[in-house]
Amino acid sequence: GENVGLHLPTLSVQEGDNSIINCAYSNSASDYFIWYKQESGKGPQFIIDIRSNMDKRQGQRVTVLLNKTVKHLSLQIAATQPGDSAVYFCAERQGAQKLVFGQGTRLTINP
Amino acid sequence: DAGVTQSPTHLIKTRGQQVTLRCSPKSGHDTVSWYQQALGQGPQFIFQYYEEEERQRGNFPDRFSGHQFPNYSSELNVNALLLGDSALYLCASSLRGSYNSPLHFGNGTRLTVT
């Protein structure tokens with residue numbers, strides 16, 4: 001179903017701390033998930049993706065965790081910086097091009 | 001390497017009018033999809049084009065139509081505009097067959113219907 005949601009609409013963290021953004025999805029058959037970052041006035045920017053045959057994937061300062069048992073995704077950002085302030089979306093792929101997005105979490109970094 | 005480009009960046013139209021938005025995919029990409037993003041919401045899938053044909057469609061009325069050209073660029077047309085069509089329209093591209101590769105998005109066209 002089209003129900004990729006997020007637990008928290010806003011998240012505020014101190015600069016240098018780690019951030020965790022959570023996402024729940026409802027389609028247990030989904031096999032590919034993506035995290036996007038969207039800054040004001042811009043389109044979504046790819047951060048990291050993960051296939052359903054993986055539990056964890058790491059990038060530069062970011063880690064995505066997938067828990068298929070409870071249909072949960074999380075994005076961890078290490079040592080957050082002011083430039084990390086944005087809205088973060090998780091998305092679930094349905095079909096070759098169709099992404100189902102959640103509402104988004106606004107991440108604010110406090111100095 | 002040019003990314004996804006969209007034009008115009010902003011547009012103001014009156015209710016009942018028609019609008020055409022344009023998109024050029026990232027170099028090397030052959031598939032284009034369009035999304036509508038209302039303020040404060042996540043993007044919603046409109047449709048996808050590959051080989052100049054609509055391949056997949058979301059829950060949008062027939063007022064929304066599109067086209068893909070031989071150079072892979074695409075247009076989104078919206079007829080009989082409603083106030084509720086005000087949104088950011090995003091174009092995304094990818095390479096057909098690269099199933100587990102992310103879509104690349106443009107910065108969108110901000111449409112305001114008055």
Side-chain angles (χ1 to χ4, degrees), chain A residues 1-10 21 23-27 29-54 57 59 62 64 66 73 75 86-106, chain B residues 3-7 9-10 21 23-26 29-51 53-60 66 68 74 87-110:
Chain A
E2 299 193 12
N3 187 24
V4 180
L6 295 168
H7 295 308
L8 294 173
T10 60
I21 301 172
C23 175
Y25 65 94
S26 61
N27 190 340
S30 295
D31 62 356
Y32 181 61
F33 304 88
I34 310 171
W35 281 99
Y36 283 94
K37 171 186 180 183
Q38 188 172 25
E39 297 174 284
S40 181
K42 295 186 177 181
Q45 176 188 357
F46 170 78
I47 302 173
I48 193 167
D49 56 2
I50 188 167
R51 303 178 196 177
S52 59
N53 60 354
M54 303 169 69
R57 192 169 187 214
V62 295
V64 55
L66 175 62
L73 272 169
L75 176 69
V87 178
Y88 289 81
F89 293 98
C90 69
E92 169 186 6
R93 174 164 272 175
Q94 295 181 3
Q97 285 277 304
K98 180 180 180 181
L99 294 179
V100 176
F101 285 81
Q103 186 175 5
T105 294
R106 179 172 298 281
Chain B
V4 179
T5 58
Q6 295 186 241
S7 64
T9 55
H10 295 82
L21 310 180
C23 170
S24 292
K26 178 180 170 66
H29 286 180
D30 59 3
T31 303
V32 170
S33 56
W34 287 90
Y35 287 77
Q36 180 195 66
Q37 186 176 23
L39 198 61
Q41 303 293 319
Q44 297 284 319
F45 176 78
I46 302 175
F47 43 52
Q48 168 209 349
Y49 276 83
Y50 170 62
E51 290 185 335
E53 291 189 14
E54 183 182 299
R55 300 292 178 173
Q56 192 175 3
R57 190 179 182 93
N59 292 325
F60 281 81
Q68 186 180 33
S74 177
L88 180 67
Y89 288 85
L90 295 162
C91 173
S93 73
S94 70
L95 181 62
R96 183 81 172 177
S98 300
Y99 182 72
N100 286 330
S101 64
L103 300 187
H104 293 257
F105 283 86
N107 286 328
T109 294
R110 172 71 62 187

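Just so we're on the same page: letters track the sequence lines, and every chain starts at 1. A quick note: this is a predicted structure, and the numbers were derived from the prediction, not measured. Scope of the values below: all heavy atoms of this structure, side chains included, with no hydrogens, waters or symmetry mates.
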Novice: Tell me, for B:Q37 versus chain A, whether the close heavy atoms (under 4.5 Å) come from the side chain, the backbone, both or neither.
Specialist: side chain
Novice: Could you tell me which portion of B:L88 (side chain, backbone, both or neither) has an atom closer than 4.5 angstrom to a non-hydrogen atom of chain A?
Specialist: side chain
Novice: Considering non-hydrogen atoms only, spot the tightest contact between A:R93 and B:L103 and give its length.
Specialist: NH2-CD2, 3.4 Å
Novice: What's the shortest heavy-atom distance between A:F89 and B:Q41, and which atoms?
Specialist: CZ-O, 3.8 Å
Novice: Is A:L99 close to chain B through its backbone or its side chain, or both, or neither, when contacts mean heavy atoms under 4.5 Å?
Specialist: both
Novice: Go through the atoms of A:Q45 and report whether side chain, backbone, both or neither lie under 4.5 Å from a heavy atom of chain B.
Specialist: neither
Novice: Under 4.5 Å heavy-atom distance to chain A, tell me which part of B:V32 shows up: side chain, backbone, both or neither.
Specialist: backbone
Novice: Do B:P102 and A:Y32 make a side-chain contact, defined as non-hydrogen atoms from C-beta onward lying under 4.5 Å apart?
Specialist: yes
Novice: Counting heavy-atom pairs under 4.5 Å to chain A, which of B:G42, B:G108, B:P43 comes out on top?
Specialist: B:P43
Novice: Side chain, backbone, both or neither: which part of B:Y35 has an atom under 4.5 Å from a heavy atom of chain A?
Specialist: side chain
Novice: Could you tell me which non-hydrogen atom of B:L90 sits nearest to which non-hydrogen atom of A:P44, and how far apart they are?
Specialist: CD1-CD, 3.7 Å
Novice: Would one find more than 12 heavy atoms of other residues, nucleotides or ligands at under 6.0 Å from atom CZ of B:R57?
Specialist: yes
